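These notes are about the structure you will find just below.
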Amino acid sequence: MRDKLELTGMVLSSMVIGDYDKRLVILTKERGKITAFAKGARKPGSPYLGICEPFNCGTFTLLEGYDAYRLLGAEIREYFPEIKHDIDGICYGTYFCDVLEYLCVEGIGDVNVLNLLYVTLKALGKQEIPNHLVRRIFELKVLALDGEAMEVFSCVRCRKEEPKAFYLPGNGLLCGSCAIQIKNSYDLTESAIYTLQYILSAPMNRLYTFQVKDTVLEELDHVIGSYFEKHVPRKFNSLEILTSLS
Ligand SMILES: [Zn+2]
């Protein structure tokens, strides 16, 4: 065991181990995704009660071991109670955490990914924009942070800066003349193209500040949905529960 250390982060998942312990996956600013064990977290009167829940955000005090950390304590600054009121909020929040647990690697810290999760859970709690739109914005942005940004500013074939259609095999948009020549491209409205460009260029604190018409949301569903499935070919339980509820 090495010295105590403090890491800033958010709990992505919390799993019961044996009778009394918990295993946490925490996304940290300094070291990326880490696994930490909280001994006796489920015993009555445990100091860990309440701090081992998913979405909790704060400073975690840990002991570093050979392949995992041991949780010693935490100062939680944000519990996100507003998203825990209904099953919808919990499922979406869990989905965002599941995606990050899948995409993030151990040992490599990325403050942008942590900020994305924070503003996404905040947007989920505020109810100002529909949860479904929050999901699509998150999916497009998280892939960009993961190094798989969709090309939305110029044609992926000829580089002309007048994109008109989506082309999944090219991982981006096509101009009008290339779209005519290529099969299986998907024409987009100007609003949809602008929205895609906005999501990829907006600073994190301005990401969840707009709404779109239902028809534009349908376009985003098709474009971001198929792009995300291509790059993250995995089924998430949290999404399947959401689907079964709707
Ligand atoms: Zn072109």
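For ligands, and for the atoms within them, numbers begin at 1 and follow the listed sequence. Because the structure is predicted, anything quoted here is derived from the model rather than measured.
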Run the side-chain donor-acceptor check on residues 233-244: report pairs under 3.5 Å with partners two or more places apart or on a different chain.
| from | atom 1 | to | atom 2 | distance (Å) |
| --- | --- | --- | --- | --- |
| Ser238 | OG | Asp98 | OD2 | 2.9 |
| Thr243 | OG1 | Leu239 | O | 2.8 |
| Ser244 | OG | Ile241 | O | 2.7 |

With a cut-off of 3.5 Å and sequence neighbours excluded, list every side-chain donor-acceptor pair involving residues 153-169.
| from | atom 1 | to | atom 2 | distance (Å) |
| --- | --- | --- | --- | --- |
| Arg157 | NH1 | Gln181 | OE1 | 3.4 |
| Arg157 | NH2 | Gln181 | OE1 | 3.4 |

*Report the residues that fulfil salt bridge (charged side-chain N to carboxylate O under 4.0 Å, His left out) with Glu148, sequence neighbours left out, ordered by chain and then residue number.*
none
*Run the salt-bridge test on Lys122 and Glu78 with the 4.0 Å N-O cut-off and return the result as yes or no.*
yes
*Taking NZ, NE, NH1 and NH2 as the nitrogens, is one of them in Lys22 or Glu53 under 4.0 Å from a carboxylate oxygen of the other?*
yes
*So how many protein N, O or S atoms does the Zn ion (ligand 1) have within less than 2.8 Å?*
4
_I'd like to know whether OH of Tyr102 has more than 12 heavy-atom contacts from other residues, nucleotides or ligands below 6.0 angstrom._
yes
